[in-house]
Peer 1: 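Below is a structure I'd like to ask you about.
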There are 2 protein chains.
Amino acid sequence: MTRPAGRGGRSAAPRSVDVARLAGVSQKTVSRVFNDEPYVSAEVRRRVLEAAGELGYRRNNAARALASGRTRSIGVVTLGTALYGPASLLMGIERAVRDMGYTLRVVNTVEGEPAGIAGAVDSLLDQGVDGIVISEPIDEGGDEGEVSARVDVPVLVLSAPPPFTAPRVLTAGGCADVMARAATEHLLDLEHLTVHHLAGPQPWYAARDRLDGWRAALAGRGRPEPPVVAGDWSAASGYAAGRELASDPDVTAVFAANDDMAIGLIRALTEAGLRVPEDVSVVGFDDTPVAAYVTPPLTTVRQPFDAVAQDGLKRLVHAIENPQADPLVASDPSVDLVVRASTAPPPPRTTRGHGRRTASPSA
Amino acid sequence: MTRPAGRGGRSAAPRSVDVARLAGVSQKTVSRVFNDEPYVSAEVRRRVLEAAGELGYRRNNAARALASGRTRSIGVVTLGTALYGPASLLMGIERAVRDMGYTLRVVNTVEGEPAGIAGAVDSLLDQGVDGIVISEPIDEGGDEGEVSARVDVPVLVLSAPPPFTAPRVLTAGGCADVMARAATEHLLDLEHLTVHHLAGPQPWYAARDRLDGWRAALAGRGRPEPPVVAGDWSAASGYAAGRELASDPDVTAVFAANDDMAIGLIRALTEAGLRVPEDVSVVGFDDTPVAAYVTPPLTTVRQPFDAVAQDGLKRLVHAIENPQADPLVASDPSVDLVVRASTAPPPPRTTRGHGRRTASPSA
DNA sequence: ATGAAAGCGCTAACAG
DNA sequence: CTGTTAGCGCTTTCAT
């Protein structure tokens, strides 16, 4: 019909000139209509829209990007994990990006892969994104500097201090420390003498934040700081930690850096013959969907993923669209401690240490 | 320097002509080098690469897409949920897309939103993707037909029968039924007279598949089919179902359509004074990271997300790059039943019904 | 093995 | 309010 499947393009998709011809206007007017530009009479607009509908016209994004120098897309760098935290954040980001009228490109970094964040950012830059979101990065040690020079778009770093310096870096959601502090204080308020911490993997800024918050809470009350137990976010690591902790009669309260580890921890404690929360209290972090339904229902901290993503993206888009203006200020999200049945006052002091050295599986 | 920050474009990014000039070759040769085209002498290639490196040259994707008619990007439509299944699948898709040399664009559909899949596909088409992946769609009833006409790129539908008809539709991973069947048969092999099913929300094809598999297993052994209990994937719904099921002494085995529901179910059963697996066996689906660490460790089915994504994407890309060729055939993934401690033979028949009507909370 | 010329389909100035 | 004229930076086609 119109055109015999032009060069590279797949089929002969209608172009704006085709619409213009059919509507009896100039090509530029079609462009005006589709960009909601002013100065188009209602009548002409109607005719254009009708013609476009008839032809099944849809703007060519590549041409738009080439001509305007903007792609209206935002890239996000995520860890390639289905962990509840990162996954929830990604969903929040997608929604926020869409709400702001942008499209989303996604690149995962694979833990332990050489390229890391630098490579992912580079790939996004190749794709021509207008802005970049780095979600829950981890500190891989030093390859971040390499990117910095080339990054000429605004960058938003979520749930962490900036992992690298680029001309225009924003941050959002670095509030895990205050949430962790609240969790720890909840345990202290219950009269526990101290609180142990089952930490996440330290390359993760999110894990460090929680560790810091726990430290701050303990320091704030002048409590001794027991040695940190290291986990890797998995329930398996929580279980391993639990076996260790179960044999120490001084352990009456544990703050785990995420719910999965808390669940593994509880399992190990239970198998060792300890009761949660009567013998040991446990607090998790995330409020995963199952947290309320494990045994016992888990006291945990709910993270405001959507709010963080929304606030961050609003500021990122502002930075994109107003390169010269001062960045908007971050609004701080609310801390949300969800108290369930896994926390209680410590056992009476006289009975502490009671049969705590033998592991008698119960299941 | 080169050029004072041309019209729309942000800064004066170097173009291929700049590289060509510096390397003392034609622009076309630069293009050849970057596209790994043949007929470029090693010496020239080296000079071009060096010049490009010096200038910090990076190809402009919009121009490439405009000139070639291909964007080298694949769009994925996902539900906006952090549920383990969909999130895992998304990670697998990202990886597979990247491995195939494409980039990924993501659009979520929000359950209950009017636009639904049709809107998401449309948005992806606007963005000019070369292919589309629809991940774990749900049947929203009828708005799919609207898209079909306009979809001129290959579409891969994961974990479901095609939700709409488009010229070139592929499917992958619709194997939940055989996995569900295996799960049910495991319970039957343990001598349970029948198996109850805690189903997922029926708009989800994934939920329907599991229901079908359960039915097939029961039918295959000539067992009675008890009424289906409806859930919504959440642990909360599993808990609600558990309260119901706990009062029925005929319930000795339950196959839950996902792990979260299984966990909620177990909690309700436990609170009702029933033991798992001594009184009631439970099988989940997904093998979430916590499945092995809840009490009791959950027998469940592990889904081969990565394999499904990889196989599907290989075929999608084949369809993109060989429009005329016959589609590749799907390779079927392996079923992986993980037997843990939540399943056992039913209680002795003489004692069945024992104290099953009163709910005496424990834990 | 390399180069020249001609667009891809749009947006951005500038005229009317 | 509307139209004209130039490119955006590549890939493609065809010459050498």
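Computed from heavy atoms alone, side chains included, the values below leave out hydrogens, waters and symmetry copies. Each chain gets a letter, A, B and so on, in the order the sequences are listed, and its residues count up from 1.
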Peer 1: Indicate yes or no: does K314(A) engage D311(A) in a salt bridge with an N to O separation below 4.0 Å.
Peer 2: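 Looking at D311(A) together with K314(A), the answer is no, because their closest N to O distance does not fall below 4.0 Å.
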
Peer 1: Among all residues two or more places apart in sequence or in another chain, which pass the ring pair (Phe, Tyr, Trp, His ring centres under 6.0 Å) test with Y102(B)?
Peer 2: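 Per chain and number, Y102(B) pairs via ring pair (Phe, Tyr, Trp, His ring centres under 6.0 Å) with no residue.
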
Peer 1: Rounded to whole Å, please give me the gap between CZ in R15(A) and P in dG7(C).
Peer 2: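 Going from R15(A) (CZ) to dG7(C) (P), I get 12 Å.
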
Peer 1: Is the shortest side-chain heavy-atom distance between D126(A) and T103(B) below 4.5 Å?
Peer 2: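 In short, these two side chains do not touch, never coming nearer than 4.5 Å.
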
Peer 1: Counting only non-hydrogen atoms, which of residues 40-54 of chain B are less than 4.0 Å from DNA chain C?
Peer 2: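 The answer is V40(B), S41(B), V44(B).
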
Peer 1: For D306(B), which residues count as a side-chain hydrogen bond (donor to acceptor under 3.5 Å, both in side chains) partner, sequence neighbours excluded?
Peer 2: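 By the side-chain hydrogen bond (donor to acceptor under 3.5 Å, both in side chains) rule, D306(B) matches no residue at all.
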
Peer 1: Considering residues at least two apart in sequence or located in another chain, which fulfil the salt bridge (Lys or Arg N to Asp or Glu O under 4.0 Å) criterion with R168(B)?
Peer 2: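 R168(B) satisfies salt bridge (Lys or Arg N to Asp or Glu O under 4.0 Å) with no other residue.
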
Peer 1: How far apart are the closest heavy atoms of A309(A) and I93(A), and which atoms are they?
Peer 2: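 Smallest interatomic distance, heavy atoms only, reads CB-N, 3.7 Å.
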
Peer 1: So if I take residues 55-64 of chain A and measure heavy-atom distances to DNA chain C, which residues fall below 4.0 Å?
Peer 2: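 The stretch gives Y57(A), R59(A), N60(A), A63(A), R64(A) as the residues lying under 4.0 Å from the strand, ordered by number.
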
Peer 1: Does anything in residues 61-80 of chain B pair up under ring-ring contact (aromatic ring centres under 6.0 Å, His included), and if so which pairs, sequence neighbours excluded?
Peer 2: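 Sorted pair list comes back empty.
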
Peer 1: Over its full length, what angle do the end axes of the helix from dA1(C)-dT16(D) to dG16(C)-dC1(D) make, each axis taken from five pairs and the result rounded to 10 degrees?
Peer 2: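 Axis angle across the helix from dA1(C)-dT16(D) to dG16(C)-dC1(D), nearest 10°: 20°.
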
Peer 1: Excluding sequence neighbours, so at least two apart, what forms salt bridge (Lys or Arg N to Asp or Glu O under 4.0 Å) with D99(A)?
Peer 2: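 With sequence neighbours excluded, D99(A) shows a salt bridge (Lys or Arg N to Asp or Glu O under 4.0 Å) to R95(A), given in chain and number order.
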
Peer 1: Can you list the residues that meet the salt bridge (Lys or Arg N to Asp or Glu O under 4.0 Å) rule with E54(A), with sequence neighbours excluded?
Peer 2: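 Salt bridge (Lys or Arg N to Asp or Glu O under 4.0 Å) list for E54(A), sorted by chain: empty.
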
Peer 1: For the residue pair I74(A) and M100(A), establish whether any side-chain heavy-atom pair is separated by less than 4.5 Å.
Peer 2: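 No, their side chains stay 4.5 Å or more apart.
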
Peer 1: Which of residues 25-39 of chain B have a heavy atom under 4.0 Å from DNA chain D?
Peer 2: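 Listed by number, they are Q27(B), K28(B), S31(B), N35(B).
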
Peer 1: Taking NZ, NE, NH1 and NH2 as the nitrogens, is one of them in R47(B) or E50(B) under 4.0 Å from a carboxylate oxygen of the other?
Peer 2: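 Result for this pair is no, no salt bridge flagged.
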
Peer 1: Could I get the full list of salt bridge (Lys or Arg N to Asp or Glu O under 4.0 Å) partners for R59(B), not counting sequence neighbours?
Peer 2: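 Checked R59(B) against salt bridge (Lys or Arg N to Asp or Glu O under 4.0 Å); zero matches.
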
Peer 1: Got a sec, which residues hit side-chain hydrogen bond (donor to acceptor under 3.5 Å, both in side chains) with R45(B), two or more places apart in sequence or on another chain?
Peer 2: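 In terms of side-chain hydrogen bond (donor to acceptor under 3.5 Å, both in side chains), with neighbours along the sequence ignored, R45(B) is linked to no residue.
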
Peer 1: Just how far, in rounded Å, is P of dG3(D) from CZ of R21(A)?
Peer 2: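 Those two atoms, CZ and P, are 14 Å apart.
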
